[in-house]
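Here it is, the structure in full.
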Amino acid sequence: LVDVSVSNQWTRRVIVIEGRSVTLGIVREEYAPPRMRVGIGLPNGIPGTPGDAIVAWAARAEGAAFTSLGVIDRIAYDAHEPLISLASAAAVTERARLVTMVVIAPLRTTAILASESATLDSLSNGRLTLGLAVGARTEDYRAAGVDHRERGRRFDDQLSQLRDLWESSPGPKASPELLVGGSSDLAFARVARYADGYVHGGGPPRAFVKAADRARTAWTDMGRPGAPALWGQSYFALGDDALDRGRAYMRDYYAFAGPFAEKIAEGLLTTPQQIAAQVRGYAEAGCDELVLLPTTADLEQVDRLAEVVASL
Amino acid sequence: VKRVVTVGGGPAGLYASMLLKKSQPDLDVTVVEKNARGATYGWGVVFSDRTLAEFREADQKTFEQITDRFVLWDAIDIRYGGEVIRSGGHVFAGLARVALLDILTTRCKELGVELRFEEEMTDPATFGEHDLVIAADGVHSPIREHFEKTFRPRVGLGSARYIWFGTNRVLDSFTFAFREDDHGFFQAHAYPFDGTTSTFIVETDQQTWERAGLDSASEAESIEYCQRLFADELRGHSLMSNNSAWIQFPTLRCKTWIHDNIVLAGDAAHTAHFSIGSGTKLAMEDAIALVRAIERFPDDLGHALSDYELERRPVIERFQEAAQESRTYFENTRRYKHLEAMPFAFHLLTRSKRIDYGNLRTRDPIYVDEVDRDFAGGDLFSPPPMLVPFDLLDVTLRNRIAATPSPVYTSRNGSPSAELVADIGRAAAGGAAIVVTDPVAVEADGRITSGCAGLYSDEHTSVWTAAASAAHSSGAVLALRLSHSGRRGSTRPRTSGTDRPLVTGAWPLLAPSPIPFQPGSRLPEEMTETDMARIRDAFAKASSRAAKAKVDMLLVDMGHGYLLGSFLSPHTNARDDEYGGDLEARMRYPLEVFDAIRAAWSEDRPVGVRLQASDAAPGGWTEDDAVRLATELVGRGCDLIEPVVGQAVPESKPRYAPGFLVPFADRIRNECGVPTLVGGGLTNTVQINTILAAASADLCILSR
């Protein structure tokens, strides 16, 4: 077996049999995938999860070296409120970033949202990454008594005021990292106009690549310096038992999406190989941090995932 | 599922029924077709090699029969301006539609599908006895119309007129032929489908069609007209009709394809412009996907049908997107008739964005070598288009790449920061031909942010001299974007967002009309004539300073809602003097400023304009307006246009995605006859070589 260097990165691996050489393949030497942080979601959106399980999960996750703890936001569903869940996580952790993916901003008044997020950022020593979007479900708007049709205008108003409120309102001063999510043309404009980056809604790496390209295009077009922070998310369930419950949860959680719920459930990452491929795919697409969201609230899911991620 | 009826005996209906019966022989499957057997419309159908592979997997027998009878070819010929450009390596298979139906009908019978010709089934009351109704009854589907409230079909009509013919002129390629006569520009789409016959579609724009009297022509007269026009291509063969009429292409989209146990397939569900030749292919792939979904969920029809729709919808949407691009191209071919044959052909080949410079090279390297040689004027070989030098007046650009360093916002009092100058040097050293700066203010109050650079003092001139020299020392040229911020000025550096008003050190704003950018923005003052004269002078003075600093090129900022741009948009210009009102009036001040710059700047060096190509907002400045302004500018000595879109008002929403500015650059370049510079998230050289070789732009901003 002979390795022939093709360039400083590529090597041709050749096998020589009876004087004839056959190329086995070209390998990339010392290939180092781009660095990407990997975080884990808290089970705040999984029905029936006791509050103390969320707190215990947070502590366990930081111990397992996950770089961030993610939460989701639903009102008309059996879920723990995201900012309050993160506040409890803040009390038992020291380093992990606390990220909302996402908070449905228009459900809250701008002043309350600014105050709560500043409070959380202050309590956690500046660890908040506030991901905001308009959300996809009308039930949440009905439950909150907010006109769904006004969501876009309301969201723009909020985004244009949040930073000013963080800087100048009487409460704790804060400067959380601000992300905007969504997939409409306007969502990418909002990322570039108001935010520090983009939070993607999930899907295979090729979907992330497209969205990231759009976010970068808007960013450059609006004269923003540097590049937008890019956050991704994916659901996982590890272990035979978790798999069925994970799928069932996703079908239930995405029931509003009709037949698409099944497709989304099919995207669930259930093996170490799938997680490795997803992590690699997102890293190569320029994702800064991928948060893997749980679909069952068993604490052992943290350990299982940590084991997989550590081996990558 | 026990009893299935398929309405419509076209490729989708027959293939689905056949595959279903094959997969579940116990099923009772009936096809109802309103026409007699063999009484079909249309000439040939086309498949790609990938579709054929799917056919093989779905049913070996019909696959073999199809491949026995089809004709294969791998070239696309573009006949234009007396030349024939051939691009190979594409792989198509053509087949007579009649032959395909014959194969499928025979196979249906063999498997025991009941076929009922000359029978209509449009009354839903009769559907009840069936567990599944496959509505494959074509683009005018009566079943879809009946349940319109569920399916919610939307039809968009193409603006061009076209007509289907057959001919015995034998072709060995997919042929696009272009002809011009006194009435206008025509094109033919032609391809072989058996040993002796070809499909021959003639298409033209509405105005040409009317001028040529084809709107009132009989079928025989239309044939006569087209035969004369394409006599060279037909080589004495005649055109044959099959109830041919001039129509506009209907692009059909439905909200859903499912209503209870009724499912749409093929043209009944969706259409994609014929120029990408995919109607029959998509219909038959629908059939395969539908039957597979039913196999996957044998006990749950609802699930199976939604699985089918979920599987197919993204594929269809992708094709419809590509078809839309292709349709738009063919509706506007006259825009490109000034081009030489090579770029004309390359533009055609890459029109749908599915094929680019990279995969054309893979398919036919010799053709792309020819493209390169033609672009560069080389004899033996040539570099790719992006490496070909370009002259703008006396300024020679070493290649087609422009670089824009990431904005830094570290300048103080308008004096370009050391960081900014260093970034310009680095960008030049990176190999770009031009380094294009961020907006450079022509007066202190014309800065966008407190960290923006300006060119309004002798000290600024000396720093820009250093910047220009840094660019020159690496062989690049420096282009300054001369700008006045207007109502978008006096904001904070854009590190945490755009348009955030300065809290301390703010300055007053000027705009055509006193309308703030957004709630919370500072209110601008309406410009007086004195303001207008002063700022016009400031632009001219800055140009003189730039010339003194040995800057090579200027780009005047008339975009993104900054001062000159805000004169253009009706959203931001509500003046009632001669500078507001109709298009002419709104263009007046920006044009006056341009004239002042052109006069103050060297005659030998280029002045371009960064031009608002559309507000991307209802009621705003439009693409047509931009073409008007570009034409006006070219007449006044504008050497280059860089289109930008949006930002004039906060509600504008361009479709941000890599290459989103290319269609604007393309239209302005080819309608106004001016070189264009295009940015908008181009991140790789394949995109850039494609844009250049297709003559959509002359220079590209490469970003990372």
Side-chain angles (χ1 to χ4, degrees), chain A residues 152-153 156-157 159-168 175-178 180 183-198 203-204 206-207 209-228 251 257-264 266 286, chain B residues 256 258 297 302-311 313-314 404-410 438-439 448-449 451-452 488 492-501 503 518-521 560 616 644-647 650-661 679-683 701 703-704:
Chain A
R153 211 177 46 78
D156 275 323
D157 286 349
L159 286 167
S160 66
Q161 292 168 36
L162 266 180
R163 290 196 200 261
D164 290 341
L165 289 169
W166 285 334
E167 284 163 16
S168 57
S175 52
E177 182 179 31
L178 180 62
V180 166
S183 54
S184 66
D185 293 342
L186 258 179
F188 295 101
R190 287 179 180 132
V191 168
R193 283 181 68 196
Y194 305 113
D196 298 307
Y198 176 66
R206 65 172 187 281
V209 168
K210 278 203 159 171
D213 276 344
R214 300 193 64 192
R216 289 191 198 101
T217 301
W219 191 267
T220 309
D221 196 60
M222 296 230 196
R224 297 292 304 274
R251 278 186 210 110
F260 268 106
E262 192 60 39
K263 278 277 173 238
I264 299 167
E266 274 173 28
Chain B
T256 177
I258 305 162
F297 301 98
H303 210 135
L305 296 186
S306 53
D307 197 60
Y308 151 72
E309 183 174 338
L310 289 174
E311 180 82 34
R313 193 171 271 284
T404 51
S406 177
V408 287
Y409 302 110
T410 47
D438 266 334
I448 299 169
T449 77
C452 285
R488 293 186 74 192
R492 286 180 254 180
R494 293 183 169 178
T495 38
S496 59
T498 67
D499 300 289
R500 304 188 66 207
V503 180
Q518 61 187 8
S521 291
H560 282 169
V644 293
V645 167
Q647 294 190 44
E651 358 7 303
S652 71
K653 43 177 176 182
R655 195 169 193 291
Y656 291 114
F660 78 107
L661 295 171
L682 304 174
T683 52
I701 299 171
S703 41
R704 290 195 59 188

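Below, each value reflects all heavy atoms present in this structure, side chains not excepted, and no hydrogens, waters or symmetry copies. Just so we're on the same page: letters track the sequence lines, and every chain starts at 1. All values reported here derive from a predicted model rather than from experimental measurement.
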For the interface with chain A, which of B:Gly302, B:Ala657, B:Gly520, B:Pro439 has the highest count of heavy-atom pairs at distances below 4.5 Å?
B:Ala657

Under 3.5 Å donor-acceptor, A:Arg216 side chain and B:Gly681 backbone
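Between the backbone of B:Gly681 and the side chain of A:Arg216 there is no qualifying donor-acceptor contact (under 3.5 Å).
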
Could you state the interatomic distance from CD (B:Glu651) to CZ (A:Arg153), rounded to the nearest 0.5 Å?
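Going from the CD atom of B:Glu651 to the CZ atom of A:Arg153 covers 11.0 Å.
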
Please report the interatomic distance CH2(A:Trp166) to OG(B:Ser496), rounded to the nearest 0.5 Å.
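So the CH2 of A:Trp166 and the OG of B:Ser496 are separated by 10.0 Å.
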
Has B:Gln647 got a side-chain atom pairing as donor or acceptor with A:Asp221's backbone, closer than 3.5 angstrom?
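Yes, because the side chain of B:Gln647 sits within donor-acceptor range (under 3.5 Å) of the backbone of A:Asp221.
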
Quick check for you: to the nearest 0.5 Å, what is the distance between A:Glu266 atom CD and B:Leu310 atom CG?
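With rounding to 0.5 Å, CD (A:Glu266) is 9.0 Å from CG (B:Leu310).
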
Quick one, A:Arg214 with B:Arg655, criterion side-chain contact (heavy atoms from CB on, under 4.5 Å). Give me CA distance, side-chain angles, the key distance, then yes/no.
CA-CA 9 Å; A:Arg214 300 193 64 192; B:Arg655 195 169 193 291; 3.5 Å; yes

Contacting moiety of A:Asp196, where chain B heavy atoms sit under 4.5 Å:
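Answer is side chain: those atoms of A:Asp196 sit under 4.5 Å from chain B.
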
Of the backbone (N, CA, C, O) and the side chain (C-beta and beyond), which part of B:Val645 lies under 4.5 Å from a heavy atom of chain A, both, or neither?
backbone

Between A:Arg193 (side chain only) and B:Gly497 (backbone N and O only), is there a donor and an acceptor less than 3.5 Å apart?
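Checking the backbone N and O of B:Gly497 against the side chain of A:Arg193, no donor-acceptor pair under 3.5 Å is found.
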
For the residue pair B:Pro407 and A:Gly223, what are the closest heavy atoms and their distance?
CG-O, 3.4 Å

Gap between atom CZ of B:Arg500 and atom CD of A:Glu167 - 0.5 Å precision:
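These two atoms lie 4.5 Å from each other.
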
What part of B:Thr498 gets within 4.5 angstrom of chain A, counting heavy atoms only: side chain, backbone, both, or neither?
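It is both, since atoms from each part get that close.
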
Which atom of A:Pro225 lies closest to which atom of B:Tyr409, heavy atoms considered
CD-CE1, 3.9 Å

Tell me, side chain or backbone of A:Ala227 under 4.5 Å from chain B's heavy atoms, or both, or neither?
neither

Could you tell me which portion of B:Pro405 (side chain, backbone, both or neither) has an atom closer than 4.5 angstrom to a non-hydrogen atom of chain A?
neither

Taken in chain and number order and not counting sequence neighbours, the residues that satisfy salt bridge (charged side-chain N to carboxylate O under 4.0 Å, His left out) with B:Arg313 are B:Glu309, B:Glu317

Between B:Arg488 and chain A, which part of the residue has a heavy atom less than 4.5 Å away: side chain, backbone, both or neither?
neither

In Å and rounded to the nearest 0.5 Å, what is the OG1 to CZ distance from A:Thr217 to B:Phe660?
7.0 Å

Atom CG of A:Asp213 and atom OG1 of B:Thr683: how far apart are they, to the nearest 0.5 Å?
6.0 Å

Less than 4.5 Å to any heavy atom of chain B: does that hold for the side chain of A:Asp156, its backbone, both, or neither?
neither

